[in-house]
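Keep in mind that what you see is a predicted model, and the values were worked out from it rather than measured.
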Amino acid sequence: MKPIPYDTLEKARLPLDGTIAPYVPAILDAYAAIVPRARWRGIEMVDYTSGSCLMPMAFAAAGARRVTVNDAAPRSHLAASFLFGGRKIDPARVDALLAAKRPKLRAHVPTFHFACDYLTEPACDVFDRLYHADVPAAEATGLRYLAIRWALGFAPSMVDGFEILYTHEPAQLRAIKDVDWRPYLARQANPRKVLSALVRDLNAAIDALGPKRFASHLGDMKDLAKRLRPKAPCFVAVNPPTRGLDEYTIDDQLVHSLMANRWLPLSRTRETPMEFWGRRVDAALRALPKGAHYMVWGGDGSMSFDACRKVWEIYGTALHIKRLGNSETAAGWGIFETQ
């Protein structure tokens, strides 16, 4: 079997803070010790909260031919729709949209009108040319994901998030001492160079994934689990969001506002953190057939790892357990098999 091209997949995944992406190689290695990779072609991979999309991409690149991806967040749904859709981005189309004096765009509110606290007008103009391009639907998905990746590049990191623009004057930004705005300004000044590299990276990931049967869903995992009911043999990732469905940080809020073409208000789920976690884990695991394998993550949210494990073990037997530290508050993950 060919090695999984993690570097290629990393460059194409949706950049998110707080994901399990760094641990995906170890998770796949652990599963390969349980089910040899030569048999993965016949396994359905289901990810109920795909997030960055790295885990389902890695399974597809390793040979899985049936992949089902879900996330309640529109940004992750867009990423999955593009990355697994099989339609690469046409570099010539991107060049034409950037070069046009008045590109043909769908009706929209100029992004700068509601995102000017975080993105400059030149950055918003490039976003609009890509995200709102009046192109066939088959092309629009790739251009929209490219636009989101363009915008996300203006955050210093998804850990630090977007910085508020106290001024839009470049010289004044450069003079600010507590934030280094030079990378931001350099990116803004070189959209062709930045987007050309992004297009190469995104298209390379699609080549790495190869042909597959793919389904993408945008919804709450507790609802999807009741309808989907995967059949063995399957590998199901059950990893509820740490926060509620609609309880965003400012970075989530900005990205989803860009996609909605209006500024979205912050809101909070009415469920307690434990209710939120428990209902979704229970719904997903209860629907699994005998002999299914499921990967679960916990210990860094509303419940300790040991408390999470007690729930996981209601539905199956642990085949592999990994803690990420020795303290009582350390998170971890495991692979289980239903009985």
Side-chain angles (χ1 to χ4, degrees), residues 5-16 50 52-54 56-58 60-61 65 67 69 71 73-112 115 119-154 186-216 218 255-256 258-261:
Y6 284 110
D7 288 347
T8 299
L9 305 182
E10 274 281 358
K11 292 176 182 177
R13 76 174 179 91
L14 183 67
L16 290 175
S50 57
S52 72
C53 295
L54 182 60
M57 280 200 295
R65 289 294 174 261
V67 180
V69 182
D71 204 288
R75 60 177 183 224
S76 295
H77 180 65
L78 173 64
S81 298
F82 167 67
L83 293 167
F84 289 95
R87 175 69 179 258
K88 293 195 288 188
I89 300 170
D90 181 1
R93 174 73 81 178
V94 175
D95 289 342
L97 289 169
L98 294 179
K101 187 173 183 180
R102 292 185 178 178
K104 188 179 178 183
L105 305 178
R106 291 180 298 272
H108 67 284
V109 175
T111 297
F112 185 66
L119 296 173
T120 61
E121 190 165 15
C124 289
D125 176 66
V126 171
F127 177 88
D128 287 348
R129 286 169 179 259
L130 298 171
Y131 197 88
H132 299 291
D134 189 1
V135 297
E139 287 188 72
T141 302
L143 291 174
R144 288 181 172 188
Y145 185 54
L146 181 64
I148 291 297
R149 289 294 309 271
W150 161 258
L152 284 170
F154 288 99
R187 183 182 184 85
Q188 170 188 287
N190 293 283
R192 291 179 184 275
K193 180 180 178 180
V194 172
L195 292 171
S196 179
L198 272 174
V199 168
R200 287 195 301 271
D201 291 342
L202 298 182
N203 286 346
I206 288 182
D207 286 335
L209 299 187
K212 68 204 73 66
R213 287 171 54 192
F214 164 66
S216 178
L218 173 64
V255 172
H256 290 131
L258 294 176
M259 298 177 69
N261 196 222

Only counting residues at least two apart or in another chain, list the ones meeting side chain to side chain donor-acceptor pair (under 3.5 Å) with Arg13.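 Side chain to side chain donor-acceptor pair (under 3.5 Å) check on Arg13 returns Glu10.
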Do [X] and [Y] have side chains that approach each other closer than 4.5 Å (heavy atoms only, starting at C-beta)?
X	Y	value
Leu9	Leu209	yes
Arg75	Leu152	no
Val194	Val126	no
Leu97	Arg93	yes

Polar side chain donor-acceptor pair, Ser196 to Arg192, under 3.5 angstrom: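 Judged by distance alone, the side chains do not pair up.
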Might you work through the side-chain contact (heavy atoms from CB on, under 4.5 Å) test for Phe84 and Met57, ending with a clear yes or no? CA-CA 8 Å; Phe84 289 95; Met57 280 200 295; 3.8 Å; yes
Stepwise side-chain contact (heavy atoms from CB on, under 4.5 Å) check, Asp71 with Ser50: CA-CA 6 Å; Asp71 204 288; Ser50 57; 3.7 Å; yes
Taking all non-hydrogen atoms of both residues into account, name the closest pair between [X] and [Y] and its distance.
X	Y	value
Ser76	Leu16	OG-CD1, 4.2 Å
Leu143	Ala133	CD1-CB, 4.2 Å
Phe214	Ala80	CZ-O, 3.5 Å
Leu258	Ala151	CD1-CB, 3.7 Å
Cys124	Thr111	SG-CG2, 3.8 Å

Inter-residue atom distance [X].[atom1] - [Y].[atom2], 0.5 Å rounding:
X	Y	atom1	atom2	value
Arg200	Thr8	CZ	OG1	12.5 Å
Trp150	Leu198	CH2	CG	9.0 Å
Asp134	Glu139	CG	CD	11.0 Å
His77	Leu14	NE2	CG	13.0 Å
Leu146	Leu130	CG	CG	5.0 Å
Leu83	Leu78	CG	CG	8.5 Å

Donor-acceptor pair, side chain of [X] and main chain of [Y], under 3.5 angstrom:
X	Y	result
Tyr6	Ala58	no
Arg187	Ala123	no
Arg106	Tyr131	yes

Test log, rule side-chain contact (heavy atoms from CB on, under 4.5 Å), inputs Tyr145 and Leu202: CA-CA 9 Å; Tyr145 185 54; Leu202 298 182; 3.7 Å; yes
Under the salt bridge (charged side-chain N to carboxylate O under 4.0 Å, His left out) criterion, do Arg129 and Asp125 qualify, and how do the steps go? CA-CA 6 Å; Arg129 286 169 179 259; Asp125 176 66; 2.9 Å; yes
Evaluate the side-chain contact (heavy atoms from CB on, under 4.5 Å) criterion for residues Arg149 and Asp201: first the C-alpha distance (whole Å), next the side-chain angles of each, then the deciding distance (0.1 Å), finally the verdict. CA-CA 11 Å; Arg149 289 294 309 271; Asp201 291 342; over 6 Å; no
